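Heads up, the thing below is written out as structure tokens.
Remember, it's a predicted structure, so these values are computed and weren't measured experimentally. These values consider heavy atoms only, across backbone and side chains, with no hydrogens, waters or symmetry-generated copies.
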There are 2 protein chains.
Amino acid sequence: MKQITSKSNAYIKNIRQLKKKKFRDETGNYYLEGLRLIGEALRTDTNLESILYCSDLLKSEFGWQAIKIAEEKGIEIIEVTEEVFQTFSLKEGSQGLAAVGKQKWNDLHELLAPEGLWIVLDNIQDPGNLGTIMRSLDGAGGKGLIFVGNSTDAYHPTAVRSSTGALFSLNICKTTQQKLIEWKKNSSIAFIGTVCESANSYKLCDYPENMVLIMGSEQKGLQKEVIAICDELITIPMGGSVDSLNLACAASIVLFEIYDKRNRI
Amino acid sequence: MKQITSKSNAYIKNIRQLKKKKFRDETGNYYLEGLRLIGEALRTDTNLESILYCSDLLKSEFGWQAIKIAEEKGIEIIEVTEEVFQTFSLKEGSQGLAAVGKQKWNDLHELLAPEGLWIVLDNIQDPGNLGTIMRSLDGAGGKGLIFVGNSTDAYHPTAVRSSTGALFSLNICKTTQQKLIEWKKNSSIAFIGTVCESANSYKLCDYPENMVLIMGSEQKGLQKEVIAICDELITIPMGGSVDSLNLACAASIVLFEIYDKRNRI
């Protein structure tokens, strides 16, 4: 077991850099923190490069068990001082357990006959919303997420945290708008687009078994090129004075309508 | 029209203090920022004490119109320098328009025969979730929110922002658990509690016309004293590997099921 006591150790410096998308892209790594998240990563056999802990902060028996399990899986275990831990920790009241994971991206074009429920996110920016959408998608029995364009990435620390581990169970792909359009032509999956303007209510849609739900950003909605390849457009009828819903809430409302229709007895 | 050019002006200092709950509680004021939010506050005749703008930052015609409307309503207009504006602004890429609002709390015990759809939030902590719940509640035609216990307050800047103005259209009350229990005895409104454990699906509930939906925090759920006064408990059936949903997403799923049942033709 390795010990690091210096804040300027090269490996520790790199962990701090994982907050930046550029560095995550370059290394293919990402940062995760907390008992629940790391427990879930281990449970799902998620590829972790290292686990970092601080014995002054780690008070939980579950946390010590997690370290033992990680060691048995051959993951590098690194003990750090509290001072070192606080230089990369993103949590107030940290539990003293963090990890470096290896990103896992699936190739969209290998998915010629995708099954089940997927989401396409077109240019969405908020990593908190993204993580929350992963959590709801997993809860609704979904298979995976496809990012299009300049979407925030699934391995942003805020997205990882707010996914509460759903990230580890989902297939994650990224692609361009043009490649998505090609993929749609070659695969048999249905595209259901969500829009704010007039369309059928999401309650009235007969969601196909194999489908992608397509959502755009709160500001811009779906781009017209994406709307053009949708098999059906749906909307969430609303009252009140607000003109739209939070993106993760809107996604959840539709996802759980789909979940209910699939699981209704 | 007043002009302030000093960061240490007493009024500007007070605005910065509005980030703190204690200061908001003492003064009964709150801080809001951005074109959309201030436009909505003016549209709904929300009580504003002052509007602050910075002409170097305010590029939008809509923003200048808002200032004119505010002036006609007798709201104090204060021009500040960019340096001053940045000391209290909470937005990256600020639009140069902010305001101080007067909090408006309704007395729960005056609501003896409350009508329509309400939410009770029991000890919820995350202001972003809270704002998002207000947005969804308004979108689902809801009337108001009742905070119980140590909930984060509706006038936290993050809650105000993520409500996208729903805050201005809803009735907001706060109370204690004991007073909520008394209120329930004296009013005819139905209490529907949401829980994670086994209960009827939210899809199967016959939501009464006048009801409160009761939600607890993600960590702790509903307290047993609150569960005891519920007329019905509901849950959201789930699949996947996650064990719960984000609170605002869960609230939205149930709220829009209620909205659909009320508005189905």
May I have the step-by-step check of side chain to side chain contact (heavy atoms under 4.5 Å, CB included) for B:L117 and B:M211, ending in yes or no?
-> CA-CA 5 Å; B:L117 174 61; B:M211 62 163 280; 3.9 Å; yes
B:G142 to B:L170 - nearest heavy-atom pair and separation = O-CD2, 3.6 Å
Could you walk me through whether A:L35 and A:L58 pass the side chain to side chain contact (heavy atoms under 4.5 Å, CB included) check?
-> CA-CA 9 Å; A:L35 297 170; A:L58 187 60; 3.9 Å; yes
Do you know which two heavy atoms are closest between B:A41 and B:L32, and how far apart they sit?
-> CB-CD1, 4.1 Å
The interface call for B:I236 against chain A, heavy-atom contacts under 4.5 Å, is side chain
CG-CD1 distance between A:L48 and A:I75, expressed to the nearest 0.5 angstrom | 4.5 Å
Quick one: SG on A:C230 to CG on A:L222, what's the gap to the nearest 0.5 Å?
-> 6.0 Å
Would you give the length of the straight line joining atom CZ of B:F147 to atom CG of B:L108, rounded to the nearest 0.5 angstrom?
-> 12.5 Å
Given A:A166, A:P237, A:A250, the one with more heavy-atom pairs under 4.5 angstrom with chain B than any other is A:P237
Cross-chain donor-acceptor list, chain A x chain B, under 3.5 angstrom:
from, atom 1, to, atom 2, distance (Å)
A:R36, NH2, B:D243, OD1, 3.2
A:R135, NE, B:S244, O, 3.0
A:R135, NH1, B:E218, OE1, 3.0
A:R135, NH2, B:E218, OE1, 3.1
A:R135, NH2, B:S244, OG, 2.7
A:R135, NH2, B:L245, O, 3.1
A:D138, OD1, B:S241, N, 3.3
A:D138, OD2, B:S241, N, 3.2
A:D138, OD2, B:S241, OG, 2.6
A:D138, OD2, B:V242, N, 3.2
A:G139, O, B:G239, N, 2.7
A:S169, OG, B:S241, OG, 2.9
A:K203, NZ, B:E257, OE1, 2.6
A:E218, OE1, B:R135, NH1, 3.0
A:E218, OE1, B:R135, NH2, 3.1
A:M238, O, B:Y259, OH, 3.2
A:G239, N, B:G139, O, 2.7
A:G239, N, B:Y259, OH, 3.2
A:S241, N, B:D138, OD1, 3.3
A:S241, N, B:D138, OD2, 3.2
A:S241, OG, B:D138, OD2, 2.6
A:S241, OG, B:S169, OG, 2.9
A:V242, N, B:D138, OD2, 3.2
A:D243, OD1, B:R36, NH2, 3.1
A:S244, O, B:R135, NE, 3.0
A:S244, OG, B:R135, NH2, 2.8
A:L245, O, B:R135, NH2, 3.1
A:E257, OE1, B:K203, NZ, 2.6
A:Y259, OH, B:M238, O, 3.2
A:Y259, OH, B:G239, N, 3.2

